[in-house]
Amino acid sequence: MNLRRLATALALSAALIVCWRAAEMRPTVLFAPGTSAAVWAFISSLFPPDLSPYFLRVVGAALIRTAALAIAGTTLAIAIGLPLGVLSTPTLWQRGVILAGEPPGVSKLVVAWLSRSCRALLGFMRAVPDLMWGLLFVVAVGLGPLAGALALAVSYGGLLGRVYADVFEDVDSRPLEALHATGATRLQVFLRAIWPQAKPSIVSYTLYLLECCARSASVLGFIGAGGIGYEINLSMRLFEYGQLATLILALIGLVAATDHFSRYLRRRLHANAPAGRFAFQKNDDQPSLVYHADRRTRATLLVATAVVAASFYSTGFFTATRVGLVSRMAGFAAQMFPPDLDPVYLRSLALPLLQTIGISVMGTLIAIAVGAVLALPATSTFLFSGEDEPGHRSLLSSVGRASVYYVARLSLNLLRSIPELVWVLLCILAVGLGPFAGTLAIGLHSGGVLGKLYAETLEEVPARPVEALRATGARPLQTLLWGIWPQARPTLISYTVLRWEMNLRVSTILGLVGGGGLGQAIYNNVQLGFYSRTLTIVGIIYALVILMDWLGDRLRIRRTAI
Amino acid sequence: MIYSLKDVTKKYQSGNGAVRALDGLTFDVLPFETVALLGPSGSGKTTLFRLLNATLRPTSGELIFDQRDVSTMSSRELRQMRRRIGTIYQQHQLVPSLSTLENTLCGRLGSWSLLETIRNVARPTKRDTEKAMAALEAVGLEDKHRARADELSGGQQQRLTIARVLMQNPDVILADEPFASLDPALTETIASLLLELVQNGKRTLVATMHDVDLALRYFPRVVALRHAQILFDKAPSAIRRDELIALYGDTFKLKDDVRLDPDIQEPSGEFSYKQHRAR
């Protein structure tokens, strides 16, 4: 057993060293005098932000385009994800209470197989990163927001479909069995037993996805979907850092606004958990069914429909030339086959592949450090004592604690709101082109995401054991180590592993703007029209993501076993 | 005969080898009969129920429902068969986030077409709603029709499952532990409700139960399962104390006021709960 541990430790350190080398980590550069001077010069050149009325109009138009892109993308993603999610739900088609009594036969096997293929298709859709879908759709349907919307639809449709299927699968199966036993069909079981149970999670996750889409939509501007990403790219190339500052502020505002909007909606939906919508009233002997629809709900639905329609219109969904669109896409797909498997070409991909893995690993490690350092001061339960606790509080300490808390929260939001691709551009200014810039970018953005998740997890830990420790006179650090950490550990680890999987996907596209890894190779191949070579890389990324998913599953299983 | 089982066996694949949940069961159930199914936990009662309502396939043997062999039925025919069988589950099996009214309406699913299904999700028809309200009235839940199912108490949930079965209007009722987790007064209410339902509607009832006293008091025929096999199948009057000890083990004890009643007749289908209580 000890030998096995030693071997694991050795293998892990070897892997880490390889990743370190592959990501071309040069921490000393960060502390070199030249770097800090360059960073300082960059930061001071951001001020003052360009607030001229002309530029503000540009920013406003870009924001609207990006928001429209996000909304159209999310709507399409739902349209793709919901049917595929239903089709790939194992309880409905593959195994479990609904299928146990059915006669065996070919049709049963075919249906199960089709359902599994849907699941595999979803896996493929979400394994290829959104930006890469964007590149492919730009070639297929031309430059513009339509390509961006389709890219969001496919990659987030894959994600949504998988999540929907998991939610449908996780509902309490006993009501399913009961309805099935009354002679209900699959559709009826789905509508009456699965959907009502799954609805709150489905709505909540879909709203969360809108946030992700807003971030992605801004990045898609880099490859020609227009909007805020396009403007950021342009300002950087023109060295107009005052404009860049305005744009980044606008982007942060957009992400924060979506965040708040979706949180507000989620809270409202949870507060108004649906009781019976129908009431039966007997006025004298004239029974009638009364439908209790909230007028606000109807108004909200109307507004939402209008916004979605406007978003599609602004994305050019209705106006785009559809003539030959399908044949163009088919022609493009045909050009990709067969994938280029020339050994020389494959060998040339080995180094970028290793770089991609290295960037994701090192970036995640940096993110863990950044997240952990910022999460502790951003945990409210840790910083503030309860309202009704005895003792004297000096004003100075209260103000000090509050300012530490808000500074930490603000920095986390700042890190999180700026997408990786923008971070790459900023890091390149400091450390130059190459994988190290990509690694730093992933570390900073994921650090913000992880820090927020860590802080939320630490806050939501069951309070009673912690209280018991404090009642014994334990110090804050002791309650953290003995009361909070043991309870939060499994969640923290699983968030981190999930983030690493996501970073692996992201690190394949950083090369688009000079952050190293496979992205550069993809970009070159697409630009030069080597579509069969592009397909090879897409295949490699798919294989890599599947491998990591599997590894992630294994790690999480190991974790529960510990 | 409504059910006819010949040598029915059900095996489950478990970690190492197959486990027999039911091992060569042979018995018949006549129309309008009321049968109590006794047996300790793990004796195969729930598996037998799932075979009887056609949500599980027997591994071998012949299960005949109303002169049709279940193994030859298509999915569609199975659905039609299930529509005729109402099941009351032990854990209530209600859809937690739907209202009491909507849960009752679910009993009707089997007889709705695709179009009616979609219509009813949007807005139930007046006819169905009135039927559902009548069913809720029969179990005394009409005031709760807008409440979510998970806001009801245990006894109310149990009554709601009965309302769902009323709505389904089946020929056969299978009740898995219908009296578990009910207090004595509620047990009386639910038992009378259930037995009246069977009696008035000319229905067949098969009910599993843990409470031997209850089974002996209310049911003219008792089938006992032990180790996946039938231990005995007879009228309560013919059951001997040592047979019950063989079923449940040495520590088994009847309540003092319940005697093994010699008056109860052989299973005849003319059993009435009311007559029995009058005695």
Under 4.5 Å from a heavy atom of chain B, the part of A/Val97 involved: both
Side-chain ion pair, B/Glu196 and B/Arg203, N-O less than 4.0 Å: no
Most contact-rich option vs chain A, by heavy-atom pairs under 4.5 angstrom, among B/Asn53, B/Leu98, B/Thr161, B/Leu105, is B/Leu98
Considering all heavy atoms of both residues, which atom of A/Trp93 and which atom of A/Leu87 are nearest to each other, and what is their separation? CD1-O, 3.0 Å
Proximity breakdown for B/Thr100 and chain A, heavy-atom pairs closer than 4.5 Å: neither
With a 4.5 Å cut-off on heavy-atom pairs, point out which of B/Met81, B/Arg50, B/Met73 contacts chain A the most. B/Arg50
Does a salt bridge link B/Arg84 with B/Asp66, judged by any charged N lying under 4.0 Å from a carboxylate O? yes
Given heavy-atom pairs under 4.5 angstrom as the criterion, report whether the side chain, backbone, both or neither of B/Thr87 touches chain A. side chain
Against chain A, label B/Arg164 side chain, backbone, both or neither, depending on which of its atoms sit under 4.5 Å from a heavy atom there. side chain
Only pairs of heavy atoms separated by less than 4.5 Å count here; which of A/Ala100, A/Gly105, A/Ala193, A/Ser173 has the most with chain B? A/Ala100
Please report whether the ring centroid of A/Tyr205 lies less than 6.0 Å from that of A/Tyr164. no
Verify the ring-centre separation between A/Tyr264 and A/Phe261: is it less than 6.0 angstrom? no
How long is the straight-line distance from CD1 of B/Ile2 back to CD1 of B/Ile85, given to the nearest 0.5 Å? 8.0 Å
Interface moiety of B/Leu174 toward chain A, non-hydrogen atoms closer than 4.5 Å: neither
